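One structure below.
Quick caveat: nothing in here was measured; it's all calculated off a predicted structure. A, B, ... follow the sequence lines: proteins, then strands. Residue 1 opens every chain. Note that these values count all heavy atoms, side chains included, but never hydrogens, waters or copies made by symmetry.
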Number of protein chains: 2
Amino acid sequence: MIETFAALSDPNRLRIVSLLREGPQPVGTIAERLSLNQPQASKHLIVLKKARLVEVEARAQQRLYRLDPAGLMAVHEWLEPYRRLWDARFTQMDEVIAQMVREETQDRKE
Amino acid sequence: MIETFAALSDPNRLRIVSLLREGPQPVGTIAERLSLNQPQASKHLIVLKKARLVEVEARAQQRLYRLDPAGLMAVHEWLEPYRRLWDARFTQMDEVIAQMVREETQDRKE
DNA sequence: CAGGAATATTCTTTCATTGGAATATACAAG
DNA sequence: CTTGTATATTCCAATGAAAGAATATTCCTG
């Protein structure tokens with residue numbers, strides 16, 4: 001998880017991830033569109049790959065990078081226990097549970 | 001966004017955020033429970049506060065830190081454009097759209 | 001198998017981050 | 001207004017990440 005967040009905490013890597021929403025791209029295109037030197041692009045992509053945020057497909061001497069759901073899903077799942085902090089659905093659920101507790105308490109008195 | 005991910009890319013800060021799921025805690029307790037020196041705990045908490053991942057309430061000489069929904073919600077929203085990569089609901093929606101496109105094409109032929 | 005194209009790796013320098021130790025600040029109690 | 005408690009701040013050393021330049025690797029083409 002730390003590796004994932006670390007990968008996402010660099011401006012250029014965040015731009016790469018965002019760019020790849022358009023679809024798979026070779027390293028050269030990524031470098032060009034983001035005004036990066038080719039070695040920097042390669043290095044950033046490798047960091048993203050280790051974090052499972054991108055995956056790569058070899059096409060001849062090209063490397064086609066695309067988004068990898070695994071890393072992004074990991075972020076989603078990490079967020080899960082915190083979702084109740086802002087998600088209205090959990091507030092409703094909490095109320096339902098509170099009501100059940102009240103009813104349970106009521107049962108005991110009877 | 002980068003500040004948020006950077007804040008979450010440190011092991012001890014991640015442990016602090018996780019610990020605060022139990023509820024608000026003063027700095028001393030956080031430091032003790034995570035075996036951190038008090039200054040380190042303070043420093044990490046300040047980083048988390050700048051990223052709006054925690055908020056603080058002063059109670060006498062104590063500082064009560066709690067989770068701040070803002071930073072976590074920011075992560076949730078950043079994730080939004082990527083959700084279709086793994087969320088089955090988007091797959092269904094994509095199918096519905098594909099069907100609509102097919103029907104539209106059909107209309108043109110008639 | 002020589003040449004060229006696309007990408008990866010290595011090396012170096014620079015800059016930011018982390019932890020530890022010491023110290024400073026804020027506040028409550030007496 | 002002094003003391004004790006809780007937290008923040010500063011300084012320093014060590015570690016790690018990022019960019020740039022140069023070079024190496026891989027693979028297609030002829």
(request) Give, for atom CG of N12(A) and atom CG of L36(A), the distance between the pair rounded to the nearest 0.5 Å. (result) 4.5 Å
Got a list of side-chain donor-acceptor pairs under 3.5 Å for residues 40-55 of chain A, not counting sequence neighbours?
from: S42(A); atom 1: OG; to: Q38(A); atom 2: NE2; distance (Å): 3.1
from: H44(A); atom 1: ND1; to: R13(A); atom 2: NH1; distance (Å): 3.2

(message) Quick test of your reading: applying side-chain hydrogen bond (donor to acceptor under 3.5 Å, both in side chains), list the pairs with at least one residue in residues 58-73 of chain A, sequence neighbours left out, ordered by first then second residue.
(response) E57(A)-R66(A)
(request) Go through residues 55-65 of chain A and report each residue with a non-hydrogen atom lying under 4.0 Å from DNA chain C, sorted by number. (result) Q61(A), Q62(A), R63(A), Y65(A)
(message) Near DNA chain C, counting only heavy atoms under 4.0 Å, which residues of residues 14-35 of chain B show up?
(response) none
(request) Could you pull out all residues at least two apart from L79(A) that satisfy side-chain contact (heavy atoms from CB on, under 4.5 Å)? (result) R83(A), W86(A), L72(B), V75(B), H76(B)
(request) Give a yes or no on whether the backbone of A6(A) and the side-chain of S9(A) come within a donor-acceptor separation of less than 3.5 Å. (result) yes
(message) To the closest 0.5 Å, what do you measure between CH2 (W78(A)) and OG (S18(B))?
(response) 8.5 Å
(message) Checking D10(B) against I2(A) for the side chain to side chain contact (heavy atoms under 4.5 Å, CB included) test, could you report, in this order, the C-alpha distance in whole Å, the side-chain angles of both residues, the deciding distance, and whether it holds?
(response) CA-CA 7 Å; D10(B) 175 88; I2(A) 286 159; over 6 Å; no
(request) Any chance you could measure T4(A), atom OG1, to L8(B), atom CG, to the nearest 0.5 Å? (result) 11.0 Å
(message) My understanding is that only residues two or more places apart in sequence, or in another chain, count here; which of them pass side-chain hydrogen bond (donor to acceptor under 3.5 Å, both in side chains) with N37(A)?
(response) none
(message) According to side-chain contact (heavy atoms from CB on, under 4.5 Å), who are the partners of E77(B), at least two apart in sequence or on a separate chain?
(response) M73(B)
So which protein nitrogen or oxygen atoms get under 3.5 Å of nucleotides 16-22 of chain C's nitrogens or oxygens?
from: dT18(C); atom 1: OP1; to: R13(B); atom 2: NH1; distance (Å): 3.3
from: dT18(C); atom 1: OP1; to: R13(B); atom 2: NH2; distance (Å): 2.7
from: dT18(C); atom 1: OP2; to: R13(B); atom 2: NH1; distance (Å): 3.4
from: dG19(C); atom 1: OP1; to: N12(B); atom 2: ND2; distance (Å): 2.7
from: dG19(C); atom 1: OP2; to: H44(B); atom 2: NE2; distance (Å): 2.6
from: dG20(C); atom 1: OP2; to: N37(B); atom 2: ND2; distance (Å): 3.1
from: dG20(C); atom 1: N7; to: Q40(B); atom 2: NE2; distance (Å): 2.6
from: dG20(C); atom 1: O6; to: K43(B); atom 2: NZ; distance (Å): 2.7

(message) Quick check: closest heavy atoms across L34(B) and R15(B), and the distance to 0.1 Å?
(response) O-NH2, 2.9 Å
(message) Going 5' to 3' along DNA chain D, which are the first and last nucleotides with any atom under 4.0 Å from a heavy atom of chain A?
(response) dA18(D) to dC28(D)
(message) Can you list everything that forms a side-chain contact (heavy atoms from CB on, under 4.5 Å) with R33(A)? Sequence neighbours excluded, please.
(response) L19(A), E22(A), Q25(A), T29(A)
